[in-house]
Amino acid sequence: MNKISDTIKYIGVDDLDIDLFESQYVVPEGMSYNSYLIDDEKIAVLDTADRRKGEEWKANLSAVLNGRQPDYLVAHHMEPDHSALIAWMLETYPGVQLVCSAQAVKMLSNFFEGVDFTGRVMTVKEGDTLSLGKHELKFIGAAMIHWPEVIMSYDSTDKVLFSADGFGKFGALVNETDDWACEARRYYFNICGKYGSQVQSVVKKMAALDIEAICPLHGPMLKGEALAEAVKLYDTWSKYEPESDGILVAYASIHGGTAAAAERLGEILREKGAKKVVVSDLSREDMAEVIEDAFRYPTVVVAASSYDAGVFPVMHDFLYHLQIKNYQKRKFGIIENGSWAPSAGKVMRSMIEAMKDCDIVEPMVTIRSRMKAGDEAQLEQLAEALLK
């Protein structure tokens with residue numbers, strides 16, 4: 001993707017060496033740091049890149065400029081994977097004006113200690129415009145998607161929305177497939193998931209614009225049917241509504257007893273006609289993937305061993321992640337296991353009850369170390385209640 005239109009060029013870079021994005025999300029297909037250049041009477045560079053790929057990005061910029069001087073650097077988002085080269089840009093091109101939100105200005109000294117930005121910054125807010133000649137950028141406030149300083153911009157000439165981290169996804173562009181939603185979903189819920197109301201605000205603003213392409217800071221440009229589907233999914237996701245019919249069974253097992261109960265419940269649910277059942281081992285599977293599934297489906301069963309008079313830590317971590325991502329509007333089932341004094345159920349129930357509009361289906365199933373013949377009836381009852 002080296003050209004968006006005759007005058008909008010892609011100058012971003014792929015990172016195929018990164019193992020963890022934001023030091024927590026596995027990215028086996030790498031990551032893209034997207035950056036764009038609008039070539040008009042005034043030249044505007046839209047965002048920079050992560051320092052990891054700084055030299056490659058500088059080479060891309062230099063090749064497109066071909067000896068010319070840029071006029072503006074628009075910083076839609078101050079996170080270091082997009083802003084690391086701001087100081088370099090201003091030092092290298094003395095005529096460049098940095099364009100960003102007032103909140104971003106407050107962050108500049110956090111990242112660039114000792115750099116003098118006096119006279120080099122133009123602050124913009126919702127509704128402000130920047131004329132480049134034939135192109136005019138209109139700025140859109142997008143606070144808390146997913147940082148407070150974020151702005152988006154809309155080019156009315158080529159009808160392109162530069163959406164910052166919105167509509168982004170995991171994966172390098174060189175590894176891009178037709179299945180945008182899979183890694184975009186994992187990206188959204190784990191990074192932007194807490195901020196549904198703010199995403200809703202932007203989705204409503206987008207409805208008033210004639211958008212033919214969305215250019216995010218991560219992932220591919222979206223056009224046509226892919227764009228329409230992405231906007232539809234963002235509307236669903238940001239309302240915290242289930243996307244698909246299904247049940248997630250997430251378990252945290254120490255010696256295999258809880259795992260056996262979770263797997264058996266999955267079998268019973270399928271036997272009783274559940275359309276989709278996903279059984280996930282929280283100790284071994286990618287936590288971000290399980291979080292994604294929890295948001296995707298309307299029903300979640302949590303099964304965990306008791307541990308130190310509480311709950312096995314990976315389950316606590318899972319439920320904590322859901323809490324901080326503003327998880328809501330779901331139905332839960334609970335399975336606890338304890339050899340002498342079961343405590344996991346109480347802890348899980350307390351954490352679920354702290355979530356908005358989440359209902360707990362009875363009965364809560366208690367296993368003592370290993371499933372017994374009598375436990376099957378409890379699992380049957382829970383399955384029937386979940387499927388009602």
Would you say the side chain of K372 lies within less than 4.5 Å of the side chain of D375, judging by non-hydrogen atoms?
-> yes
Between H76 and D47, is any side-chain donor less than 3.5 angstrom from a side-chain acceptor?
-> yes
Looking only at non-hydrogen atoms, find the nearest pair between Q378 and V365 and report the distance.
-> OE1-CA, 3.5 Å
Donor-acceptor contact below 3.5 Å, side chain D128 vs main chain K125 | yes
Kindly indicate whether the side chain of V160, heavy atoms from C-beta on, has any atom under 4.5 Å from the side chain of S5.
-> no
Between atom CD1 of I145 and atom SG of C192, what is the distance when rounded to the nearest 0.5 Å?
-> 7.0 Å
Heavy atoms from other residues, nucleotides or ligands near NZ of K223 exceed 12 (cutoff 6.0 Å) = no
Is R68 atom CZ crowded by more than 12 heavy atoms from other residues, nucleotides or ligands, each under 6.0 Å away?
-> yes
Using a 4.5 Å cut-off on heavy atoms from C-beta on, say whether the side chain of M348 contacts that of M364.
-> no
How close do I151 and A164 get, heavy atom to heavy atom, and via which atoms?
-> O-CB, 3.8 Å
Just checking, is any N or O donor in the side chain of T177 or D179 under 3.5 Å from an acceptor N or O on the other one?
-> no
Given side chain to side chain contact (heavy atoms under 4.5 Å, CB included), test Y25 with F170 step by step and report yes or no.
-> CA-CA 9 Å; Y25 303 114; F170 295 123; 3.8 Å; yes
Which of W180, Y234, Y195 passes ring-ring contact (aromatic ring centres under 6.0 Å, His included) with Y188? It is Y234
Student check: side-chain heavy atoms of D210 and Y154 closer than 4.5 Å = yes
Straight-line distance of Y251 OH to E263 CD, nearest 0.5 Å | 5.0 Å
Does any non-hydrogen side-chain atom of I38 lie less than 4.5 Å from one of L137?
-> yes
Take K53 and D17, measure what side chain to side chain contact (heavy atoms under 4.5 Å, CB included) needs, and give me the verdict at the end.
-> CA-CA 10 Å; K53 290 294 177 178; D17 303 319; 3.5 Å; yes
OG1 (T123) and CG (L98) are apart, to the nearest 0.5 Å, by 10.0 Å
Does atom CG of D178 have more than 12 heavy-atom neighbours, drawn from other residues, nucleotides or ligands, at distances under 6.0 Å?
-> no
Of the non-hydrogen atoms in L130 and V74, which two are nearest, and what is the gap between them?
-> CD2-CG2, 4.5 Å
Verdict with reasoning, L217 to D81, per side chain to side chain contact (heavy atoms under 4.5 Å, CB included) = CA-CA 9 Å; L217 287 176; D81 52 329; over 6 Å; no
Counting N and O atoms only, with roles assigned by atom type, does the side chain of K205 sit under 3.5 Å from a partner on the main chain of A142, one being a donor and the other an acceptor?
-> no
When you look at NZ of K346, are more than 12 heavy atoms from neighbouring residues, nucleotides or ligands closer to it than 6.0 Å?
-> no
Which pair of heavy atoms, one from P80 and one from F111, lies closest together, and at what distance?
-> CG-CE2, 3.5 Å
Does the gap between the ring centers of H218 and F21 come in under 6.0 Å?
-> yes
For the residue pair S253 and F312, what are the closest heavy atoms and their distance?
-> O-CE2, 3.8 Å
Check the pair S238 / Q200 against side-chain hydrogen bond (donor to acceptor under 3.5 Å, both in side chains), numbers first and verdict last.
-> CA-CA 6 Å; S238 58; Q200 271 291 299; 2.8 Å; yes
Decide if atom NE2 of H316 counts as having more than 12 heavy atoms of other residues, nucleotides or ligands within a radius under 6.0 Å.
-> no
Heavy-atom side-chain proximity of L161 to I140 below 4.5 angstrom = yes
Tell me yes or no: between the side chains of S101 and E149, is some donor less than 3.5 Å from an acceptor?
-> no
Point-to-point distance, once rounded to the nearest 0.5 Å, from CD of E353 to CD1 of I360 | 4.5 Å
Interatomic distance, M152 atom CE to L209 atom CG [nearest 0.5 angstrom] = 11.0 Å
For D116 and T118, indicate whether the former's side chain and the latter's backbone hold a donor-acceptor pair under 3.5 Å.
-> yes
Presence of salt bridge, E243 and K232, under 4.0 angstrom = no
For the hydrophobic clusters of this structure (ILVMFWY residues joined by side-chain heavy atoms under 4.5 Å, transitively), does one cluster hold both L248 and M351?
-> yes
Rounded to the nearest 0.5 Å, what separation is found between the CD1 atom of I247 and the CG atom of L387?
-> 4.5 Å
Under 6.0 Å from the CD atom of E22, do we count more than 12 heavy atoms belonging to anything else shown?
-> yes
Any sub-3.5 Å donor-acceptor pair from S32's side-chain atoms to L173's backbone N or O?
-> no
Do side-chain atoms of S83 reach the backbone of M78 as a donor and acceptor pair under 3.5 angstrom?
-> yes
Does the side chain of D39 come within less than 4.5 Å of V64's, by heavy atoms?
-> no
Does the E126 side chain pair with the main chain of G141, one donor and one acceptor, at a distance under 3.5 Å?
-> yes
How are the rings of H82 and H77 set to each other: parallel, tilted or perpendicular (split at 30° and 60°)?
-> tilted
Got L37 and L65 here, is their nearest side-chain heavy-atom distance under 4.5 Å?
-> yes
Angle class for the Y240/F295 ring planes (parallel below 30°, perpendicular above 60°, tilted otherwise)?
-> tilted
Say whether F318 and I324 are linked into one hydrophobic cluster, either directly or through other cluster members, by side-chain heavy-atom distances under 4.5 angstrom.
-> yes
Is the number of heavy atoms from other residues, nucleotides or ligands under 6.0 Å of E225 CD greater than 12?
-> no
Is the shortest side-chain N to carboxylate O distance from R185 to E229 below 4.0 Å?
-> no
Would you find a donor on one side and an acceptor on the other, under 3.5 Å apart, between the side chain of N60 and the backbone of G12?
-> yes
Would you confirm whether Y307, through its side chain, and I254, through its main-chain N or O, come within 3.5 Å as a donor-acceptor pair?
-> no
Apply salt bridge (charged side-chain N to carboxylate O under 4.0 Å, His left out) to the pair E289 and R284, showing each step before the final yes or no.
-> CA-CA 11 Å; E289 290 274 7; R284 291 171 176 81; over 6 Å; no
Do T366 and E336 have side-chain atoms, one donor and one acceptor, less than 3.5 Å apart?
-> yes
Do the ring centers of Y36 and Y10 come within less than 6.0 Å of each other?
-> yes
Output yes when a side-chain donor or acceptor of N34 lies under 3.5 Å from a complementary backbone atom of G219, and no otherwise.
-> yes
Full working for side chain to side chain contact (heavy atoms under 4.5 Å, CB included) between M107 and W147 | CA-CA 11 Å; M107 295 184 179; W147 280 25; 4.1 Å; yes
Of E176, E29, E183, the one forming a salt bridge (Lys or Arg N to Asp or Glu O under 4.0 Å) with K169 is E176
Nearest heavy-atom pair of N337 and G257: which atoms, and what distance?
-> ND2-C, 3.9 Å
Under 3.5 Å: donor-acceptor pair, side chain of K325, backbone of N190 = yes
For E113, does the CD atom have more than 12 heavy-atom neighbours from other residues, nucleotides or ligands under 6.0 Å away?
-> no
